[in-house]
**Student:** 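Quick one: this structure, given as structure tokens, is what I'll be asking you about.
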Amino acid sequence: MWNKALAFFCSLFNFLYQAIVPCTFPNLLPVNTVDRQQYLGRWYFKTAVSHREADVQRFRALDNIWFNIEETAKDTLVLTGHMRTGDDCVNQTWTYHIRPDREDLELKGKKERRSLLWTGKWANCAECIVMQEIEPPLRETDSEDSLSRHMLYGRQRDTASEMVSMFLKNAACHNMTVSVQPPQKKEFCP
């Protein structure tokens with residue numbers, strides 16, 4: 001009885017809090033209609049958030065990351081990542097296809113993954129973008145996606161900490177409280 005009453009009270013409190021201080025939502029950048037030219041070039045990885053550790057774990061070993069986005073063919077973007085792990089530099093390339101009937105990017109070799117782009121408004125940053133990666137549940141009986149994370153990227157190497165804090169605060173409002181932010185203590189890879 002006490003557990004039910006407490007659960008009811010917590011639900012009521014959460015509902016009232018959301019009514020008073022509602023969560024903000026990011027603004028979608030539909031890749032099939034947006035001017036892609038403004039998003040080409042260099043981007044620095046700032047932070048990743050999710051509601052579980054497994055979705056952001058791979059970023060924990062990295063000191064810093066920067067990406068270059070280029071359009072190599074019509075409706076094809078190549079993202080090249082330059083990642084610093086300890087004293088080593090690792091480069092990796094991902095190819096994304098833009099389909100006229102989809103608002104997300106299709107990652108070559110991972111058709112089940114949805115890669116959505118959002119404006120930097122969630123971080124109060126005009127020079128930022130947010131990429132959301134989602135993969136469906138592994139089994140039909142599973143109730144949650146097998147991957148669900150948001151990653152913040154900025155044009156500047158040193159993005160103000162207030163922007164990262166705003167991004168993390170807005171993500172936390174959506175129950176995404178597990179985050180990783182690279183320390184950026186070493187030189188960026190060439």
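Quantities reported herein were computed from a predicted structural model and do not represent experimental measurements.
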**Student:** Is the shortest heavy-atom distance from the side chain of T76 to the side chain of T95 under 4.5 Å?
**Tutor:**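 Counting from C-beta outward, T76 and T95 do come under 4.5 Å.
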**Student:** Here's a test for you: under ring pair (Phe, Tyr, Trp, His ring centres under 6.0 Å), which of Y44, F67, W66 qualifies with F188?
**Tutor:** Y44
**Student:** Does the side chain of M83 come within less than 4.5 Å of F45's, by heavy atoms?
**Tutor:** no
**Student:** Does any non-hydrogen side-chain atom of Y153 lie less than 4.5 Å from one of M131?
**Tutor:**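 Side chain of M131 against side chain of Y153, heavy atoms only: contact under 4.5 Å found.
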**Student:** Below 4.5 Å, heavy atoms only, C-beta onward: do I129 and W118 meet side chain to side chain?
**Tutor:**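 Not touching, per the 4.5 Å side-chain cut-off.
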**Student:** If the condition is salt bridge (charged side-chain N to carboxylate O under 4.0 Å, His left out), which residues does R114 pass it with, not counting sequence neighbours?
**Tutor:**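 Scan of R114 (salt bridge (charged side-chain N to carboxylate O under 4.0 Å, His left out), adjacent residues dropped) gives D104.
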**Student:** With no hydrogens and no angle check, just 3.5 Å: does a side-chain donor-acceptor pair link H82 and N91?
**Tutor:**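 There is such a pair (donor and acceptor under 3.5 Å, judged by atom type) between the side chains of H82 and N91.
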**Student:** Given side chains that start at C-beta, do those of F167 and V49 come closer than 4.5 Å, heavy atoms only?
**Tutor:**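 Sidechains of V49 and F167: in contact.
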**Student:** Membership question, hydrophobic clusters at under 4.5 Å side-chain separation (ILVMFWY): are M151 and L62 in the same one?
**Tutor:**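 Yes: a chain of side-chain contacts under 4.5 Å links L62 to M151.
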**Student:** For residues W43 and V56: do they belong to one hydrophobic cluster (side chain heavy atoms under 4.5 Å, members Ile, Leu, Val, Met, Phe, Trp, Tyr)?
**Tutor:** yes
**Student:** Taking the side chain as everything from C-beta on, heavy atoms only, tell me whether Y39 gets closer than 4.5 Å to I69.
**Tutor:** no
**Student:** Check salt bridge (charged side-chain N to carboxylate O under 4.0 Å, His left out) between E135 and all other residues, then give those that pass, not counting sequence neighbours.
**Tutor:**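 E135 satisfies salt bridge (charged side-chain N to carboxylate O under 4.0 Å, His left out) with K110, R113 once adjacent residues are dropped.
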**Student:** State whether R42 and E70 are salt-bridged, where the test is any N-O pair (Lys NZ or Arg NE/NH1/NH2 against Asp/Glu carboxylate O) under 4.0 Å.
**Tutor:**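 No, this pair does not count.
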**Student:** Is there a side-chain contact between L116 and L28, using heavy atoms and a 4.5 Å cut-off?
**Tutor:** yes
**Student:** Quick one about T80 and N68 (side-chain donor to acceptor, distance below 3.5 Å, no hydrogens or angles considered), yes or no?
**Tutor:** no
**Student:** Under 3.5 Å, is there a donor-acceptor pair between the side chain of D63 and the main chain of G86?
**Tutor:** no
**Student:** Salt bridge check, K186 against D88: does any charged N sit closer than 4.0 Å to a carboxylate O?
**Tutor:** no
